[in-house]
Each structure stands twice: as C-alpha cells, then as structure tokens.
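Working notes, structure below.
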Amino acid sequence: MAAAVVAAPEILRECGCKGIRTCLICERQRGGDPPWQHPPQKTHRFIYYTDTGWAVGAQESDFEGWAFPFPGVTLIEDFVTQEEETEMVQLMDCEPWKLSQSGRRKQDYGPKVNFRKQKLKTTGFQGLPSFSRDVVRRMDLYPVLEDFRPVEQCNLDYCPERGSAIDPHLDDTWLWGERLVSLNLLSPTVLSMSREAPGSLLLCLAPSGFPEALVEGVMAPGRSVLCQEVEVAIPLPRRSLLVLSGAARHQWKHAIHRRHIEARRVCATFRELSAEFRSGGKQQELGQELLRISLSFQGRPM
C-alpha cells in the first residue's frame with residue numbers, strides 16, 4: 001500500500017523565538033551574521049543500537065568500533081499503523097497550532113504549570129485528546145509501560161522550511177515522573193543525547209561480529225572519552241515510540257538538531273506524574289485529580 005501523504009501546512013511568516021533561540025524565519029528577517037552563538041557540535045559521535053543497548057563510535061571516527069552501555073532507552077517500532085498515523089495528524093491539524101521556540105509549533109494538553117515557582121492550575125484542563133485513547137491503552141501491552149498513566153500530552157510540529165529544532169535539555173522532575181514517552185510521526189529523525197557532567201566514559205572495544213557479539217560480552221575497558229565531548233545519536237524511525245528513563249532521562253540531555261529535520265515531523269510526547277503527586281506523595285490528591293481529568297480524553301489544546 002502506498003504511503004499516505006499528509007500535506008504540510010502553509011509556512012508561517014513569523015516565529016515564536018525568544019532570547020538566543022532562533023529559526024530560519026527570524027534569522028532571515030534580522031539579516032547578516034547573528035549576534036548569538038549556537039553551541040558547538042560535540043567532538044565525538046556515537047550511534048545507539050536498540051538491539052544491544054550500547055552506543056558505538058561512528059564509522060570513520062576516532063572511536064570507531066569502541067562502545068559503552070547506554071541504559072534507559074526503549075524504542076518500539078511501528079507502534080501505530082500508517083492509517084492511524086494519518087488520522088492522528090489530520091485530527092491534530094484540525095486544532096490550532098501555537099508558535100513555539102526554534103521554528104516549532106505546539107499543542108499542549110495538560111495543566112498550566114509554573115515550574116520555577118512549582119505551582120500548577122487545573123483551570124481549563126480537560127484531559128488528553130480523544131484520539132490518544134487507543135494509543136495510551138496500547139502502551140499497557142509493553143512491560144516498560146504497563147503502569148504508565150500520562151497526565152500531559154504535548155504535540156510538536158517540526159518543518160525544515162522553518163529550521164525547526166529543540167535545544168539540549170532535561171525535562172522537569174518536580175511534576176514529571178520517571179518515563180518520557182514520545183511518538184514520532186510523518187518522518188524519521190535523530191534524537192541527540194549529550195551530557196555536561198565532568199568525568200569520562202569508559203569504552204570497550206567491540207568484538208568482531210558486532211552487534212551480535214556485543215550482546216554476549218565485550219573486552220575489558222581500554223579507552224576513555226570525556227563525557228562533555230560525546231554525543232549519542234538515537235535514530236527514530238517513522239511511527240516509532242521512544243521511552244526514556246533512568247540515566248537517559250535524568251543524566252543525558254536530549255535534543256533534535258535542525259539538520260535532522262528533512263521533512264515535516266510531528267511528535268506527541270506523553271508525561272507521567274512524579275512521586276510527589278502519586279500515591280503516598282504529599283500532593284497525591286492533586287495527582288489523582290489530574291489523572292481523572294487527563295484520562296477522560298475530552299481535551300482541547302490549552
């Protein structure tokens with residue numbers, strides 16, 4: 001069956017960039033060399049392999065063939081069908097998209113939150129959109145997500161004509177819990193992971209026959225590389241579901257670089273509650289109310 005085509009919306013002539021963040025639209029409007037500086041690319045690039053859970057030095061790099069374990073990543077390919085993908089994006093496009101930073105557009109389904117003051121309001125929050133009901137139910141089929149109950153969904157629209165991207169960042173941990181879940185739609189891309197912590201990563205020389213041999217064992221550590229010089233690329237196929245937890249959630253920042261957006265990309269990111277808002281936490285009653293609203297699946301973008 002031929003792939004269904006979802007037309008990109010008309011290119012916006014204005015942007016939502018603030019501060020040092022920019023997109024192609026505001027860069028063209030300002031003209032000349034920008035007075036801001038984009039962060040330099042990491043020196044050493046590694047590729048994440050889902051079948052082993054290891055990051056391996058890119059080909060023709062200084063660390064080609066060297067590897068280190070990269071825990072906390074689960075990638076489920078073909079999580080939705082092509083028909084489901086088309087329907088979901090069409091329903092998203094029926095609702096207004098808001099301008100966001102770095103050439104993105106967004107739709108928020110969640111409570112209004114002031115992360116700096118650690119305050120939130122349920123006013124206006126009506127839950128996740130109805131078209132996400134089946135997606136959330138399907139998550140229960142996978143052990144890594146069997147008790148996952150999202151209270152927020154953020155849809156993001158990326159477009160190469162706007163130079164869409166998102167800077168390296170860690171998601172909040174006061175409100176949002178252990179797992180971050182993102183559904184990648186319309187086109188493949190790459191999630192880039194980086195770490196600013198001091199120290200080094202110990203590398204093992206992958207035996208011949210990688211990646212099969214790497215599953216069975218590796219040689220003793222033989223080299224090291226500074227954490228701050230490493231970037232791990234996680235390829236995200238179209239219609240795949242990504243789960244970040246553990247070290248990948250709390251220690252490694254994640255980003256989408258402009259160069260990795262080659263066609264329209266839409267992602268839906270789902271977030272669960274932190275321990276403070278779950279059973280036994282000091283704000284468990286508020287957490288229960290948020291879950292009740294969220295899982296009613298009657299939401300509209302905030």
Side-chain angles (χ1 to χ4, degrees), residues 1-17 21-29 38-39 41 45 47-50 58-59 73 75-109 129 131-132 135 153-169 180-194 231-244 254-270 301:
M1 179 179 176
V5 177
V6 179
E10 182 181 356
I11 300 173
L12 299 174
R13 298 305 174 187
E14 56 181 334
C15 72
C17 296
R21 294 180 176 86
T22 66
C23 66
L24 286 176
I25 296 172
C26 61
E27 289 169 12
R28 290 169 182 152
Q29 290 174 343
H38 294 288
Q41 293 185 23
R45 190 167 184 263
I47 311 298
Y48 177 78
Y49 285 80
T50 58
Q59 293 183 354
V73 177
L75 188 68
I76 304 170
E77 296 193 34
D78 296 315
F79 187 78
V80 296
T81 66
Q82 179 179 296
E83 291 73 21
E84 289 171 328
E85 172 192 53
T86 299
E87 182 180 10
M88 286 183 68
V89 175
Q90 288 176 341
L91 290 171
M92 290 179 189
D93 285 340
C94 288
E95 299 287 355
W97 290 92
K98 291 184 179 180
L99 295 172
S100 186
Q101 303 271 27
S102 304
R104 291 170 288 129
R105 299 190 304 163
K106 67 178 181 178
Q107 295 173 339
D108 288 320
Y109 295 84
F131 58 80
S132 293
V135 171
Q153 176 178 335
C154 180
N155 301 332
L156 289 172
D157 177 270
Y158 292 74
C159 179
E161 288 80 7
R162 298 194 299 267
S164 301
I166 189 167
D167 293 339
H169 66 284
L180 302 178
V181 180
S182 187
L183 180 60
N184 187 60
L185 303 173
L186 295 186
S187 66
T189 190
V190 175
L191 188 73
S192 298
M193 311 292 289
S194 59
E231 183 173 82
V232 178
I234 303 177
L236 302 182
R238 181 175 177 178
R239 295 190 294 277
S240 64
L241 189 79
L242 175 73
V243 183
L244 297 181
H254 54 276
I256 299 287
H257 296 316
R258 182 182 293 182
R259 63 182 181 274
H260 291 141
I261 299 298
E262 299 180 351
R264 188 188 182 197
R265 177 209 179 219
V266 171
C267 73
T269 296
F270 301 85

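Note that the coordinates shown come from a computational prediction; the quantities given were computed from them, not determined experimentally.
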* To do: Would you sort out whether Lys98 and Asp157 count as a salt bridge (charged side-chain N to carboxylate O under 4.0 Å, His left out), showing the intermediate values?
  => CA-CA 10 Å; Lys98 291 184 179 180; Asp157 177 270; over 6 Å; no

* In sequence, state the C-alpha distance, the side-chain angles, and the governing distance for Asn184 and Arg238, and then conclude on side-chain hydrogen bond (donor to acceptor under 3.5 Å, both in side chains). => CA-CA 6 Å; Asn184 187 60; Arg238 181 175 177 178; over 6 Å; no

* Who pairs with Glu262 by salt bridge (Lys or Arg N to Asp or Glu O under 4.0 Å), at least two apart in sequence or on another chain? ->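 Salt bridge (Lys or Arg N to Asp or Glu O under 4.0 Å) check on Glu262 returns nothing, list empty.
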
Contact between [X] and [Y] at the side-chain level, heavy atoms closer than 4.5 Å - yes or no?
X	Y	answer
Val266	Leu183	no
Ile261	Thr189	yes
Leu24	Arg258	yes
Pro237	Leu75	yes

* To do: In sequence, state the C-alpha distance, the side-chain angles, and the governing distance for Arg265 and Cys267, and then conclude on side chain to side chain contact (heavy atoms under 4.5 Å, CB included).
  => CA-CA 7 Å; Arg265 177 209 179 219; Cys267 73; 3.5 Å; yes

Write down the atom of [X], the atom of [Y], and the distance for their closest heavy-atom approach.
X	Y	answer
Met92	Ala268	CE-CB, 4.3 Å
Cys17	Ser102	SG-N, 3.4 Å
Cys154	Asp108	SG-OD1, 3.2 Å
Ser194	Pro168	OG-CB, 3.9 Å

* **Distance-only side-chain donor-acceptor flag, Thr269 / Gln153, under 3.5 Å** => no

* Quick one: do Leu242 and Leu236 satisfy side chain to side chain contact (heavy atoms under 4.5 Å, CB included)? Show the steps, please. => CA-CA 8 Å; Leu242 175 73; Leu236 302 182; 4.0 Å; yes

* Would you please test Gln107 and Glu95 for side chain to side chain contact (heavy atoms under 4.5 Å, CB included) and show each step? => CA-CA 8 Å; Gln107 295 173 339; Glu95 299 287 355; 3.6 Å; yes

* Would you please test Glu27 and Thr22 for side-chain hydrogen bond (donor to acceptor under 3.5 Å, both in side chains) and show each step? => CA-CA 7 Å; Glu27 289 169 12; Thr22 66; 2.5 Å; yes

Hey, is the main chain of [Y] close enough, under 3.5 Å, to the side chain of [X] for a donor-acceptor pair?
X	Y	value
Arg45	Ala233	no
Glu87	Glu84	no
Arg239	Leu185	no
Ser164	Gly103	yes

Distance check, rounded to the nearest 0.5 Å: [X] atom [atom1] versus [Y] atom [atom2]?
X	Y	atom1	atom2	value
Glu83	Glu85	CD	CD	9.5 Å
Arg264	Tyr158	CZ	OH	13.0 Å
Asn155	Ser132	CG	OG	7.0 Å
Cys15	Gln101	SG	CD	8.5 Å
Ile25	Arg162	CD1	CZ	6.5 Å
Ile256	Leu156	CD1	CG	9.5 Å

* Hey, which of Ser187, Pro188, Ser192, Pro160 is the one that makes side-chain contact (heavy atoms from CB on, under 4.5 Å) with His260? -> Ser192

* Asked: Who are the ring pair (Phe, Tyr, Trp, His ring centres under 6.0 Å) partners of Phe131, not counting sequence neighbours?
  -> none

* Electrostatic pair Arg21-Asp167, nearest N-O below 4.0 angstrom -> yes

* When you look at Val135 and Phe79, which way does the side chain to side chain contact (heavy atoms under 4.5 Å, CB included) test go after all the steps? -> CA-CA 9 Å; Val135 171; Phe79 187 78; 3.8 Å; yes

